[in-house]
Participant: 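Please find one structure pasted underneath; my questions will follow.
Numbers for residues simply follow the sequence, beginning at 1.
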Amino acid sequence: MTEPVSRFPVVEPEDLPADLRERVDEIAGKSGFVPNIFRALGHRPAELRAFLDYHDAVMEHPDGLSKAERELVVVATSGANHCTYCIVAHGAILRVRAKDAELADRVSSNPWQVELDERGRAIIDLALALSHDSAAFGDPDLEAAREAGLTEEEIWDVGAVTALFAMSNRLAHLTALRPNPEFYLMGRLPRER
């Protein structure tokens, strides 16, 4: 018997409202499978819709951090939060976007000590400062990011991605969300020609 996707009810894409079914089908068309997060959140369509809207606004924004840098923040903060689903799922996306088969594993296992270039280190340090002890977050954290060359828009991006995935990590913990097996190999093996 296979493990359940979630502790709570799950919904298959064909049972979602039409607008959500279209969005999930589009994502599944690109990846080749339906990520389990959509099955888990699908039993509360309004929340899935809001999650997708905010996710797209934060993660698909054309300016500021690159898509790979956004995924770097997700993997680092999810590693710090011990969120298996987000480490596995977004680790796969980071491997693909960064074209680096090892980066996600290094970042998720110890985001505080992973060796990165100066920009990557500044991005991760800012994200970890906000995610690890948000009550202590303040001007010194922002100044360090600025001194490392991050713009105000990029700093906002780091904060927005960190905040979104703080919520996502906690939903994954609540639901005991299981990563799709397909995520584990994405970006690790050379593509067959």
Participant: How far apart are the closest heavy atoms of Ala76 and Ile124, and which atoms are they?
Facilitator: CB-CD1, 3.5 Å
Participant: Under 4.5 Å between side-chain heavy atoms, hopping through other hydrophobics if needed: is there a path connecting Ile93 to Phe33?
Facilitator: no
Participant: Looking at CG of Leu94 and NZ of Lys99, how far apart are the two atoms once the value is rounded to the nearest 0.5 Å?
Facilitator: 11.5 Å
Participant: Looking at side-chain heavy atoms only, is the closest gap between Leu41 and Thr175 below 4.5 Å?
Facilitator: no
Participant: Within a radius of less than 6.0 Å around CD of Glu14, do more than 12 heavy atoms belonging to other residues, nucleotides or ligands occur?
Facilitator: yes
Participant: List the steps, then state whether side chain to side chain contact (heavy atoms under 4.5 Å, CB included) holds for Leu65 with Arg119.
Facilitator: CA-CA 11 Å; Leu65 296 181; Arg119 179 178 171 81; 3.8 Å; yes
Participant: Closest heavy-atom contact between Leu103 and Ala98?
Facilitator: CD2-CB, 4.0 Å
Participant: Within the 4.5 Å heavy-atom criterion, are Trp156 and Thr151 side-chain neighbours or not?
Facilitator: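 Of all side-chain heavy-atom pairs linking Thr151 with Trp156, none is under 4.5 Å.
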Participant: So, for Ile37 and Phe51, which heavy atoms are closest and what is the spacing to 0.1 Å?
Facilitator: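 That would be CG1-CE2, 4.3 Å.
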Participant: Which pairs would a plain distance check flag for residues 125-136, meaning a side-chain donor or acceptor within less than 3.5 Å of a matching protein atom at least two apart in sequence or in another chain?
Facilitator:
unit_1 : atom_1 : unit_2 : atom_2 : d
Asp125 : OD1    : Arg121 : NE     : 2.9
Asp125 : OD1    : Arg121 : NH2    : 2.9
Ser131 : OG     : Ala127 : O      : 3.1

Participant: Would you compute the distance between atom CD of Glu12 and atom CZ of Arg21 and round it to the nearest 0.5 angstrom?
Facilitator: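 Spacing of CD (Glu12) from CZ (Arg21) equals 13.0 Å.
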Participant: Quick one: are Asn36 and Ser6 in side-chain contact, heavy atoms under 4.5 Å?
Facilitator: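 Answer no - side chains too far apart.
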Participant: Near Arg44 CZ, under 6.0 Å, is it more than 12 heavy atoms from other residues, nucleotides or ligands?
Facilitator: no
Participant: How long is the span from the CZ atom in Arg188 to the CG atom in Asp100, to the nearest 0.5 Å?
Facilitator: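 It comes to 10.5 Å.
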Participant: Can you give me the closest heavy-atom contact between Glu71 and Met59, atom names plus distance?
Facilitator: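 Looks like OE2-CE, 3.3 Å.
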Participant: For the residue pair Arg170 and Asn81, establish whether any side-chain heavy-atom pair is separated by less than 4.5 Å.
Facilitator: yes
Participant: Is there side-chain contact between Pro4 and Arg178, with at least one heavy-atom pair below 4.5 Å?
Facilitator: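 Of all side-chain heavy-atom pairs linking Arg178 with Pro4, none is under 4.5 Å.
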Participant: For Val34, is there any backbone N or O sitting under 3.5 Å from a side-chain donor or acceptor partner on Asn180?
Facilitator: yes
Participant: In Å, rounded to the nearest 0.5 Å, how long is the span from CZ of Arg49 to CG of Asp19?
Facilitator: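 Result: 4.0 Å between the selected atoms.
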Participant: Between Asn169 (side chain) and Ala166 (backbone), is there a donor-acceptor pair under 3.5 Å?
Facilitator: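 Answer holds: no.
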Participant: For Val75 versus Ser108, what's the shortest heavy-atom pair and its separation?
Facilitator: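 Residues Val75 and Ser108, closest heavy atoms: CG1-CB, 3.7 Å.
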Participant: Is the shortest side-chain heavy-atom distance between Ile123 and Leu116 below 4.5 Å?
Facilitator: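 In short, these two side chains do not touch, never coming nearer than 4.5 Å.
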Participant: Would you give the length of the straight line joining atom OG of Ser31 to atom CZ of Phe183, rounded to the nearest 0.5 angstrom?
Facilitator: 6.5 Å
Participant: Under the side-chain contact (heavy atoms from CB on, under 4.5 Å) rule, collect the residues that match up with His82, sequence neighbours excluded.
Facilitator: none
Participant: How about Phe38 and Pro13: do any of their side-chain heavy atoms sit closer than 4.5 Å?
Facilitator: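 The answer is no, as the side chains (C-beta and beyond) never meet within the 4.5 Å cut-off.
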Participant: Please walk me through it: do Leu171 and Tyr85 pass side chain to side chain contact (heavy atoms under 4.5 Å, CB included)?
Facilitator: CA-CA 10 Å; Leu171 283 171; Tyr85 183 87; over 6 Å; no
Participant: Nearest 0.5 angstrom please: His55 NE2 to Arg23 CZ, how far?
Facilitator: 10.5 Å
Participant: For Ala40 and Leu177, which heavy atoms make the closest approach, and how far apart are they?
Facilitator: CB-CD1, 3.6 Å
Participant: With hydrophobic residues grouped by side-chain heavy-atom distances under 4.5 Å, do Val96 and Ile87 end up in a single group?
Facilitator: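 In one cluster: no.
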Participant: Within a 6.0 Å radius of atom CD on Glu115, are there more than 12 heavy atoms belonging to other residues, nucleotides or ligands?
Facilitator: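 Open.
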Participant: Hey, does the side chain of Arg97 reach the backbone of Glu69 with a donor-acceptor pair shorter than 3.5 angstrom?
Facilitator: no
Participant: Whether the side chain of His90 engages the backbone of Val74 through a donor-acceptor N/O pair (distance < 3.5 Å, no angle test) should be reported.
Facilitator: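 Absent.
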Participant: Strictly distance-based, threshold 3.5 Å: is any side-chain N or O of Arg39 a donor or acceptor partner for the main-chain N or O of Val5?
Facilitator: no
Participant: Quick check against the 3.5 Å criterion: does Ser168 have a side-chain atom that pairs as donor or acceptor with the backbone of Leu164?
Facilitator: no
Participant: Using the rule given for side chain to side chain contact (heavy atoms under 4.5 Å, CB included), can you reason through Asp157 versus Val73, listing the C-alpha separation, both sets of side-chain angles and the distance that settles it, and then say yes or no?
Facilitator: CA-CA 10 Å; Asp157 288 345; Val73 171; over 6 Å; no
Participant: Does some side-chain heavy atom of Glu152 sit less than 4.5 Å from a side-chain heavy atom of Ile155?
Facilitator: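 They are in side-chain contact.
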Participant: Just by modelled atom types, is the Met186 backbone N or O under 3.5 Å from a matching donor or acceptor in the Arg95 side chain?
Facilitator: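 Between the backbone of Met186 and the side chain of Arg95 there is a qualifying donor-acceptor contact (under 3.5 Å).
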